[in-house]
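We number each residue from 1, following the sequence as shown.
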Amino acid sequence: MIEKLKKYRKWIMGAAIAALVIFIPKTYGGVDQAGIRWEYNILTLTLRFEAEEGSDGIMYDYEQMSCEEQEEDWKSPWWKYRTFCRKVIFGKGIHYIGYEACADFGFLKEVQMTDEVEKIGERAFFGCKRLRKFQCPPNLKSIQVEAFCESGLQTVQLNEGLSHIGMEAFSMTPLKKIDMPDTVEFIGGRTFYCTDLKEVTISKGMNVIPNRMFEACIQLKTVTIPDSVKTIEDEAFSAYYEYPAAGLTYLCIPKNVEKIGSRILKNNQSIKRIRIESTKLKHVSTKAFTNINPDVVFEVPKEKFQEYQQMLNRQDMPKKPHIETF
């Protein structure tokens with residue numbers, strides 16, 4: 001008997017697998033309280049969302065990350081598949097991706113969105129460590145706070161028409177390069193707290209470089225600040241305290257800047273030259289250039305030499321700054 005079972009073992013196992021495929025459901029899903037239909041396919045490991053007829057396409061804001069300690073109504077019905085899901089599709093009728101919609105989906109590798117998506121909610125893809133790339137849909141207007149924070153993003157393609165990027169939206173990701181479309185008008189603080197970031201082109205639609213926007217970007221060598229910028233806020237390009245030798249070696253402050261906050265290059269001991277092209281400075285913090293390389297050379301407009309010399313001499317620096325004119 002045992003010999004016969006061994007002989008037909010492969011056939012028995014094949015039949016058992018076939019039975020599982022035939023009789024066990026391949027998909028699980030339903031419709032949530034916002035009228036969003038969701039479906040998870042256990043064979044393709046794909047989660048799909050579509051808006052039901054009558055739904056406004058605005059996903060409900062669930063709270064996923066601590067759902068084990070929360071009321072049942074606060075967590076999404078697809079949360080249980082987060083450790084298996086490899087692909088997420090936001091399909092027909094979805095306009096807004098909800099709070100923590102796919103947060104902590106540790107094995108998620110691909111996200112697809114239709115042209116209808118206009119807003120990505122807070123922490124929507126927080127902690128998606130295996131998500132390596134993302135292309136914004138063409139009609140996306142807003143990426144909210146911490147949307148991709150602590151994800152595995154190495155490349156992101158931002159779309160023309162995007163206007164708002166929330167605080168820490170891409171913080172603590174391995175991004176290497178950022179090209180912002182000129183439609184971006186607002187970016188929150190610490191948005192690009194990325195230690196691998198090397199090159200940045202800032203949107204011509206921005207007037208303010210916010211507080212700690214590029215903090216800890218220890219490999220950042222090239223940053224292009226457009227003439228539209230009028231304010232550089234506190235610690236905008238501050239280096240991480242554990243890497244004082246890293247960071248920018250050259251910074252150009254463009255011609256329309258009127259205000260510079262404190263410690264904009266804090267802890268950067270490798271900065272060699274700071275070129276101030278602006279002739280419109282109205283307020284410069286006395287600590288604007290504190291905690292930087294004391295041997296840095298300042299380049300200032302010839303016609304503003306005396307004024308800017310007085311300003312720089314008031315800086316909290318260990319020795320008198322070296323100033324050149326152009």
Side-chain angles (χ1 to χ4, degrees), residues 176-178 180 187 189-202 206-326:
K176 292 179 172 60
K177 181 180 179 181
I178 288 290
M180 300 179 203
I187 294 182
R190 295 188 77 190
T191 302
F192 300 105
Y193 186 103
C194 306
T195 57
D196 292 329
L197 192 63
K198 295 181 178 180
E199 183 177 348
V200 174
T201 301
I202 298 172
M206 291 186 61
N207 295 319
V208 177
I209 304 298
N211 178 279
R212 302 167 75 183
M213 180 174 171
F214 296 103
E215 182 183 23
C217 295
I218 58 174
Q219 296 190 56
L220 183 61
K221 300 299 181 187
T222 303
V223 58
T224 304
I225 304 176
D227 291 337
S228 60
V229 170
K230 295 183 178 181
T231 300
I232 300 175
E233 293 188 343
D234 299 350
E235 302 184 18
F237 300 96
S238 58
Y240 195 50
Y241 71 94
E242 291 183 355
Y243 300 95
L248 289 169
T249 57
Y250 173 81
L251 180 67
C252 179
I253 297 173
K255 63 182 182 181
N256 292 315
V257 170
E258 299 175 356
K259 181 179 179 181
I260 300 176
S262 68
R263 298 179 174 88
I264 64 168
L265 289 158
K266 186 178 76 170
N267 296 323
N268 188 325
Q269 298 301 314
S270 60
I271 189 77
K272 292 181 173 61
R273 302 187 81 84
I274 299 174
R275 183 180 177 92
I276 304 175
E277 294 191 343
S278 175
T279 58
K280 302 177 182 180
L281 288 177
K282 297 177 181 178
H283 175 77
V284 178
S285 168
T286 56
K287 295 183 181 296
F289 304 107
T290 297
N291 299 119
I292 65 171
N293 175 18
D295 296 318
V296 64
V297 175
F298 291 91
E299 301 174 11
V300 303
K302 188 174 183 179
E303 66 272 25
K304 286 286 184 176
F305 176 74
Q306 287 188 339
E307 179 184 342
Y308 286 4
Q309 182 185 46
Q310 292 177 6
M311 177 269 291
L312 291 169
N313 284 338
R314 290 195 297 268
Q315 289 294 308
D316 183 14
M317 298 180 71
K319 64 181 184 180
K320 189 175 181 179
H322 179 76
I323 306 170
E324 298 179 356
T325 61
F326 60 88

Give the C-alpha distance, both sets of side-chain angles, the deciding distance and a yes or no for side chain to side chain contact (heavy atoms under 4.5 Å, CB included) between K280 and K230. CA-CA 9 Å; K280 302 177 182 180; K230 295 183 178 181; over 6 Å; no
Pair K320, N313 - check side-chain hydrogen bond (donor to acceptor under 3.5 Å, both in side chains), show working. CA-CA 6 Å; K320 189 175 181 179; N313 284 338; 5.2 Å; no
Decide side chain to side chain contact (heavy atoms under 4.5 Å, CB included) for L281 and I276; before the verdict, give the C-alpha distance in whole Å, the side-chain angles of both, and the deciding distance to 0.1 Å. CA-CA 10 Å; L281 288 177; I276 304 175; 3.9 Å; yes
Checking V297 against E324 for the side chain to side chain contact (heavy atoms under 4.5 Å, CB included) test, could you report, in this order, the C-alpha distance in whole Å, the side-chain angles of both residues, the deciding distance, and whether it holds? CA-CA 7 Å; V297 175; E324 298 179 356; 3.7 Å; yes
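Between the CD1 atom in I264 and the CD atom in E233 there is a gap of 12.0 Å [rounded to 0.5 Å]. Between Q309 atom CD and I323 atom CD1 the span is 5.0 Å, to the nearest 0.5 Å. The distance from atom CD1 of I260 to atom NZ of K282, rounded to the nearest 0.5 Å, is 13.5 Å. The CG atom of L220 lies 14.0 Å from the NZ atom of K176; values are rounded to the nearest 0.5 Å. The CE atom of M213 sits 15.0 Å away from the CG atom of D234 when rounded to the nearest 0.5 Å. Note that the OG atom of S262 and the CD1 atom of I232 stand 12.5 Å from one another [nearest 0.5 Å].
Closest of all the heavy-atom pairs between I225 and V229 is CG2-CG2, 3.7 Å. Nearest approach of S278 to P254, heavy atoms of both residues: CB-O, 3.1 Å. P210 and I187 make their closest contact through CG-O, 3.1 Å (heavy atoms, listed as atom of the first residue, atom of the second, distance). Taking all atoms of both residues into account, the shortest heavy-atom contact from K177 to L197 is N-CD1, 3.6 Å.
Between the side chain of Q315 and the main chain of S285, a donor-acceptor pair closer than 3.5 Å is present. N268 contributes a side-chain N or O that, together with a main-chain N or O of L248, makes up a donor-acceptor pair within less than 3.5 Å. With hydrogens and angles ignored, the 3.5 Å screen pairs no side-chain donor or acceptor of N293 with any backbone N or O of K272.
Looking at K255 and E277, no side-chain N of the basic residue comes within less than 4.0 Å of a carboxylate O on the acidic one, giving no salt bridge. For the pair R263 and E235, the salt-bridge criterion is not met [side-chain N within less than 4.0 Å of a carboxylate O]. K221 has no carboxylate O lying under 4.0 Å from a charged side-chain N of E199, or vice versa, which leaves the two without a salt bridge. Taking a cutoff of 4.0 Å between a charged side-chain nitrogen and a carboxylate oxygen, D295 and K319 qualify as a salt bridge. With respect to E215 and K266, no salt bridge is recorded, no charged nitrogen being found less than 4.0 Å from a carboxylate O.
When side chains are defined from C-beta on, F289 does not count as touching V296, because their heavy atoms never get closer than 4.5 Å.
Cation-pi geometry between R275 and F326 is met: the NZ or CZ atom falls under 6.0 Å from the ring centre, inside 45° of the normal.
Ring geometry for F237 against F214 counts as parallel: the plane angle stays under 30°, on a 0 to 90° scale with 60° as the upper cut.
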